[in-house]
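By convention in this document, chain letters (A, B, ...) are assigned in the order of the sequence lines, proteins followed by strands, and residues within each chain are numbered from 1.
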Amino acid sequence: MRKKKLSHLKEAGIRAFFFTCGVVAVLVLVGIFLTLVLTAVPAFREIKLSEFLLSKAWDPTSPEKAEYGILSMVMSTIMVTGGALLLAVPIGIAVAAYLSDVAHWRVREILKPIVEILAGIPSVVIGFLGIVLIGPALSKIFHTGNGLNAVNGSVLLAIMALPTIISISEDSLNAVPKAYNEASLALGASRWQTLLRVKLPAGLSGIIAAAMLGMGRAIGETMTVLMATGNARAFPHGFLDSVRTMTAGIAIELGEVPYYTTHYYALFAIGLVLFVITFAVNLVADIVLHKYQEREQ
Amino acid sequence: MKRTKIFTALVLALLGLAGIAAAQRAKMIQVKGSDTMVNLVQILAEEYMGKTPGAAIAVLGGGSGTGITGLINQTCDIANSSREWKQKEIDQAWEKGVSPRFFVAAVDGLSIVVNEKNPLEQLTVAQVGALYRGDVKNWKAVGGMEKAVSLYGRQSNSGTYVFMQEFVLGNKNYSADMKEMNGNAQIIEGLIQDEGAVGYVGVGYLHDQDGKIRKGLKVLKISKEPNGTGFLPTDKAAVDSGAYPLSRPLYMATSGKPKSDVAQFLGWIVGPEGQAIVEREGFFIVGEGKYKAANDKNFK
Amino acid sequence: MKTSTRKGIAQAVGFLALRAAMGLVLAVLLLFLYDIGKKGGGAISWEFLTEAPRRGMTEGGIFPAIVGTFLVTLITAVLAVPLGMSAAIYLHEYAKQSRLTRLIRLSIRNLSGVPSIVYGLFGVILFVNAMRFGTSILSAGLTLGLMTLPWTVTASEEALKTIPNSYREGAMALGATKWQTIRTNVLPYAIPGMLTGTVLGLARAAGETAPILFTGAAFYLPFLPRSLGDQFMALPYHLYIMATQHHAIQQVRPLAYGTALVLIGLVLGLNMTAVVLRYRLRRKHR
């Protein structure tokens with residue numbers, strides 16, 4: 001009888017251990033959020049929230065008047081992300097369609113890991129290639145003196161977002177029930193028409209989720225944009241301008257800021273904004289994917 | 001069971017190592033700060049360690065602001081800065097029980113550089129300020145060609161950035177269109193490719209390994225007055241006498257009187273061997289004047 | 001024109017466009033790898049891989065960076081692998097479908113989307129300051145460990161899913177407790193798959209720069225780190241400074257390429273190993 005009770009306790013203990021490990025994920029997420037909030041809040045003792053969110057001027061070390069507006073950085077992030085998606089979503093869907101519908105299965109077995117390789121290239125290497133390869137090329141094509149601008153950032157971020165978009169889009173295209181395909185073909189449609197008019201619409205929510213996850217990846221990327229976009233603080237007026245994203249803004253100034261000053265708190269406030277944006281994007285993507293999976297069941 | 005044992009052992013080992021880690025910190029001399037100085041100080045450290053068995057020096061960059069913060073937060077032994085500390089920073093240091101002492105390791109002639117295709121030869125300090133404040137957007141306005149000005153500079157953690165702002169921009173804001181590069185070398189890289197470019201770098205960055213001015217660059221003469229004589233930052237006499245308007249001391253700061261190993265390193269730097277390296281790397285030596293006197297005092 | 005011909009042409013054009021997209025992606029990848037391979041290959045030598053940087057980092061090698069990356073990744077693994085495996089075991093073997101379980105899964109998915117610089121911010125507050133580990137291998141490794149956690153959990157869960165339920169049922173039918181079942185009938189078969197998956201996460205961690213920027217990476221350290229409390233050089237950070245902050249960028253460009261090549265080689269090597277292992281394991285289990 002005793003032996004059984006001890007064994008019960010041991011089982012319960014082990015279960016509790018694994019449960020704790022499972023809950024850690026939630027704790028970390030909440031922890032990150034709370035840390036950001038707690039460290040960011042003191043900034044707003046000195047900075048007006050409206051100035052923070054709406055002012056284009058970011059100049060915390062100005063000898064004239066310290067400015068803490070993040071609008072230019074937000075705009076820069078939006079531009080490079082938008083540019084990246086403009087490139088990556090059509091190409092990504094096309095490649096996903098190719099892999100799911102056109103490629104011979106043996107070809108697919110080889111190409112899928114190759115696309116994974118693209119995902120494996122570290123962001124600092126991509127940023128490096130932005131400086132040494134893409135930058136000079138852009139400078140020649142667009143006749144600017146310098147290739148470090150939003151176009152460069154968009155191209156690089158597109159490359160980084162592609163594997164995510166391809167992978168998830170392909171999954172969602174493959175998950176379209178065979179019955180749909182067979183019905184369409186039986187009615188006389190070609191494979192291409194089936195792809196365009198049946199599979200893509202059916203897999204649309206998965207594809208949207210893929211695009212959103214790709215977007216989240218682009219928004220949160222730091223090293224690539226830090227190295228290749230020129231980091232000018234001005235509000236960007238065009239894609240050939242040098243831009244500074246929110247992530248680069250934090251990376252540039254965190255190392256030198258004296259601890260526990262308004263400037264320090266303000267950097268965490270930017271981090272909080274980033275966290276909230278990427279969280280929202282990922283959450284929506286999640287809901288879309290979830291709904292899509294439920295519907296298919 | 002075995003797996004749990006291994007896991008527990010790993011966790012305990014980790015905790016143990018963490019303890020050792022906490023106890024063993026800062027056996028090396030930690031030097032942080034100015035990007036203008038980082039390569040110079042790194043080479044100095046390398047040669048010093050070669051000559052001094054047992055010496056261990058870690059040179060980290062990060063910009064003058066990072067070094068100053070590091071000394072104040074007591075995460076480094078020496079803070080390199082290419083500018084003077086602001087009063088606010090000195091106050092912060094005192095608040096935290098750090099009383100900074102400033103050694104001059106070298107003298108820099110902050111250089112204004114343009115692309116070699118730029119026909120200009122000379123500018124006044126005021127004109128450079130106008131360019132960098134964004135008051136002037138075309139080279140024509142300062143007597144140059146018809147072309148938009150493409151500004152290259154540093155980020156706010158740079159002592160050079162702050163120095164320029166104080167002495168050239170008259171404590172006004174930089175133009176928001178200035179491209180803020182990550183270091184001196186990146187500015188030069190940008191300049192070489194960009195015909196309308198202008199940038200500011202430490203004099204030690206002007207030369208390539210053979211001692212000649214880097215291909216693709218042109219160093220401007222700077223004058224104080226509109227029709228005055230302009231001087232090059234590579235002109236040692238002009239830098240020493242102050243005729244070159246943008247000369248500045250490069251500081252290495254310690255918290256209070258430096259400890260023996262730190263003092264030995266600093267002493268070597270301001271001594272003949274260190275200063276020979278300073279000169280070899282393209283900067284200017286401290287000389288026999290006021291900087292030397294201040295250094296000697298700080299060692300006591 | 002007959003409808004069927006029109007359909008045929010439309011399909012040919014359409015499929016061609018799709019093939020072109022695939023070709024474009026492949027071309028970009030090959031261009032990148034070729035550029036780095038060609039320009040980095042020239043810098044690789046035994047000296048490059050085994051010596052420390054010299055003469056203001058214009059000569060010598062990247063050995064300290066290789067060691068630093070290795071050590072940091074080790075700490076990352078110590079945190080992320082057991083924790084990730086355990087969380088996956090909970091999710092797959094113990095947890096019932098409940099709101100808490102959904103919350104845990106949601107958290108894991110969202111953690112993988114948090115920007116790397118935000119992890120860096122968190123690492124500075126938690127490990128460098130609050131826990132007083134300072135800027136060190138420990139702080140950087142733990143920060144990367146948190147970042148890698150979502151990957152290890154997901155990969156481990158995938159591995160657990162491949163174990164057929166019959167294995168579990170068999171043990172339980174014989175009277176084994178839950179833990180005994182897991183320990184004897186699930187884990188031995190799942191662990192190889194779990195480890196394979198986590199290797200991919202570690203490969204990613206090895207290549208990350210933003211989380212280690214402020215938690216321990218150093219510009220130049222003449223010695224190998226002697227303890228976990230020391231700062232360290234790291235391959236991704238070394239590439240960053242060689243490309244942007246070195247005093248003679250043009251001169252050391254070949255060394256930067258060499259560093260990039262070593263970094264890519266390391267990361268891709270790990271990736272390949274994991275992929276091959278996973279392929280082999282799948283074949284075995286079918």
Side-chain angles (χ1 to χ4, degrees), chain A residues 7 11 14-15 17-19 21-26 28-29 32 35-36 39 91 94-95 97-98 102 111 113-118 120-125 128-129 131 133 159 162 190-193 196 213 216 219-220 222-223 227 247 250-251 254-255 268 271 274-275 278-279 282-283 286, chain C residues 7-8 10-11 14-15 17-19 21-22 24-26 28-29 32 35 83 86-87 89-91 94-95 103-104 106-111 113-118 121-122 125-126 146 149 153 177-179 203 207-210 213-214 236 239-240 243-244 256 260 263-264 267-268 271 275:
Chain A
S7 162
E11 280 295 308
I14 291 181
R15 190 206 153 96
F17 167 73
F18 284 120
F19 174 71
C21 292
V23 169
V24 163
V26 183
V28 172
L29 192 66
I32 294 180
T35 308
L36 289 175
T39 321
I91 297 180
V95 173
Y98 169 79
V102 179
L111 286 180
I114 293 187
V115 171
E116 286 302 306
I117 293 181
L118 196 59
I121 301 184
S123 53
V124 62
V125 175
F128 178 59
L129 288 165
I131 294 179
L133 210 56
I159 294 173
L162 265 175
S190 69
R191 271 162 61 207
W192 172 248
Q193 285 172 320
L196 269 188
L213 287 172
I219 293 177
T222 309
M223 296 315 292
M227 291 166 88
T247 46
I250 298 177
L254 189 62
F268 278 83
L274 264 177
F275 180 82
T278 49
F279 184 79
N282 278 299
L283 193 61
D286 223 53
Chain C
K7 269 198 281 182
Q11 173 155 308
F15 279 15
L18 296 185
R19 286 199 175 92
M22 181 82 241
L24 178 64
V25 172
L26 279 178
V28 168
L29 177 62
F32 281 5
D35 192 54
L83 196 53
S86 306
I89 291 175
Y90 173 70
L91 280 174
Y94 284 96
L103 185 63
I104 295 178
L106 184 70
S107 300
I108 292 174
R109 282 196 296 272
N110 269 289
L111 276 178
V114 172
S116 50
I117 188 78
V118 172
L121 285 173
F122 185 60
I125 297 267
L126 181 62
L146 288 183
L149 193 57
V153 173
T177 65
K178 188 108 188 172
W179 170 236
E208 281 290 331
T209 320
L213 273 179
F214 306 111
L239 175 57
Y240 170 62
T244 60
L263 181 56
I264 282 203
V267 168
L268 291 188
N271 268 308
V275 165

Would you please test C:I125 and A:L36 for side-chain contact (heavy atoms from CB on, under 4.5 Å) and show each step? CA-CA 9 Å; C:I125 297 267; A:L36 289 175; over 6 Å; no
Apply side-chain contact (heavy atoms from CB on, under 4.5 Å) to the pair A:I14 and C:Y94, showing each step before the final yes or no. CA-CA 10 Å; A:I14 291 181; C:Y94 284 96; 3.7 Å; yes
Go through the steps for C:T244 and A:I131 under the test side-chain contact (heavy atoms from CB on, under 4.5 Å), then give the verdict. CA-CA 9 Å; C:T244 60; A:I131 294 179; 4.0 Å; yes
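Of the atoms belonging to C:L91, not a single heavy atom falls under 4.5 Å from chain A. If you measure heavy-atom distances from A:V26 to chain C, the contacts under 4.5 Å come from both the backbone and the side chain. Both the backbone and the side chain of A:L254 come within contact range of chain C, with heavy atoms under 4.5 Å apart. In this structure, the portions of C:I117 lying under 4.5 Å from any heavy atom of chain A include both its backbone and its side chain. Contacts between A:I117 and chain C at a heavy-atom distance below 4.5 Å involve backbone atoms as well as side-chain atoms. When heavy atoms are compared at a cutoff of 4.5 Å, C:I104 approaches chain A by way of both its backbone and its side chain. No part of C:L126 comes within reach of chain A, as not one of its non-hydrogen atoms sits under 4.5 angstrom from that chain. C:A95 does not touch chain A: none of its heavy atoms, backbone or side chain, sits under 4.5 Å away. For C:F15, the parts lying near chain A are the backbone and the side chain together; criterion is any non-hydrogen pair under 4.5 Å. Heavy-atom distances place no part of A:I219 under 4.5 Å from chain C, backbone and side chain included. Contact of C:S116 with chain A is made through backbone and side chain together, with heavy-atom distances under 4.5 Å. Using a 4.5 Å cut-off between heavy atoms, C:L149 contacts chain A through its side chain alone, with no backbone atom that close. The parts of C:L103 that come within reach of chain A are both its backbone and its side chain, each placing non-hydrogen atoms under 4.5 angstrom from that chain. With a 4.5 Å cut-off on non-hydrogen atoms, A:L129 touches chain C through its side chain but not through its backbone. Heavy atoms closer than 4.5 Å to chain A are found nowhere in C:A203, neither backbone nor side chain. Interface residue A:T35: only side-chain heavy atoms are found under 4.5 Å from chain C.
A 4.5 Å side-chain heavy-atom check between A:I32 and C:L111 finds at least one atom pair inside the cut-off. A:N282 is not listed as a side-chain neighbour of C:R109, based on a closest heavy-atom distance of 4.5 Å or more. With contacts defined as side-chain heavy-atom distances shorter than 4.5 Å, the pair A:L111/C:L26 qualifies. Side-chain contact between C:F32 and A:V125 is absent, with no heavy-atom pair separated by less than 4.5 Å. Within the 4.5 Å cutoff, the side chain of A:W192 has heavy atoms near those of the C:L18 side chain. Between A:I121 and C:V267, the closest side-chain pair of non-hydrogen atoms is not below 4.5 Å.
C:Q11 contributes a side-chain N or O that, together with a main-chain N or O of A:R191, makes up a donor-acceptor pair within less than 3.5 Å.
Heavy-atom pairs under 4.5 Å with chain A peak, among C:E208, C:K178, C:K7, at C:K7. Of the listed residues A:S123, A:A251, A:G271, the one with more heavy-atom pairs under 4.5 angstrom with chain C than any other is A:A251.
In this pair, C:Y90 and A:F19 present their aromatic rings perpendicular. The plane angle is above 60°, beyond the 30 to 60° band.
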